[in-house]
Amino acid sequence: MTAWGGALRGVLATAGALAALALAGLAEAAPRFEVTLDPSISKTPMTGRLIVVAATRETPEPRLTVGLAGPAAFAIDVEELKPGSSATVDAKAVGYPMEDISKLPAGEYHVQALMVRYDKVTRSDGKTLWV
C-alpha cells in the first residue's frame, strides 16, 4: 500500500494487494472488472474513487503509466465498500482514452486497481465534504 501526501491523499492498491480482478471475457458481453476489497488492506469500509488500469504490457506496472498517453483506465465512485465486498467497474464507469468500456479491444491485459480514498471532513460552517 502506498499513501500520497498533499491535498489529495489516496491509497494505492495493486491487483495483488487490494483486488481480485476478473475481466468478463464473453464476446457478446461488454467487459467488466470485479474488484474485491481484501480485508488485510482495510478493516473498515472505504469510500473513494476506484480506478482500474488495463495495460497491454506488464512493465512498467500499469498504475505507473496512467496519463494522457497511457493505457485505458476506467473509474467509479464507491461508498462504504466493506472489506470482502466487491465493486463492479463496467459500462457505468468513466473511461480514458475511451469513454466507454465496451470499446476496450479484446485481448490480454495486465490490470491493476487503484483506490483514491476519500476522508470525511466537517467544515466549521457544518458542511460535510469528502476529500
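Predicted model, so just to flag it, every value in this text is computed and none were measured. Numbers for residues simply follow the sequence, beginning at 1.
Minimum interatomic distance between P62 and V111 (heavy atoms only, all atoms of both residues): CG-N, 4.5 Å. Closest heavy-atom contact between S40 and K43: CA-NZ, 4.2 Å. Closest heavy-atom contact between V89 and L50: CG2-CD2, 3.9 Å. When all heavy atoms of T47 and W130 are compared, the closest pair comes out as CB-CZ3, 3.8 Å. Annotation for P83 and P45: closest pair CD-N, 4.0 Å, computed over non-hydrogen atoms. Considering every non-hydrogen atom in both V66 and P71, the closest pair reads N-CD, 4.2 Å.
Checked by atom type and distance alone, the side chain of T36 never pairs as donor or acceptor with a backbone atom of D38 at under 3.5 Å.
Heavy-atom neighbours of E108 CD from other residues, nucleotides or ligands within 6.0 Å: at or below the threshold of 12.
In this structure, L64 is not a member of the same hydrophobic cluster as F74, with clusters built from ILVMFWY side-chain heavy atoms closer than 4.5 Å. If you chain together hydrophobic residues whose side chains sit under 4.5 Å apart, V94 and V35 never meet in one group. Clustering ILVMFWY residues whenever any of their side-chain heavy atoms sit less than 4.5 angstrom apart, transitively, puts M98 in a cluster other than the one holding Y96.
D125 has no carboxylate O lying under 4.0 Å from a charged side-chain N of K127, or vice versa, which leaves the two without a salt bridge. Between R32 and E34 there is a salt bridge, since a side-chain N of the basic residue sits under 4.0 Å from a carboxylate O of the acidic one.
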Notebook entry, point to check: Under the side-chain contact (heavy atoms from CB on, under 4.5 Å) criterion, do M46 and V78 qualify, and how do the steps go?
Noted result: CA-CA 8 Å; M46 292 178 77; V78 295; 5.7 Å; no
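Side chains of D90 and K92 form a contact here, defined as non-hydrogen atoms less than 4.5 Å apart.
Atom NE2 in H110 sits 11.0 Å away from atom OG1 in T65 (nearest 0.5 Å).
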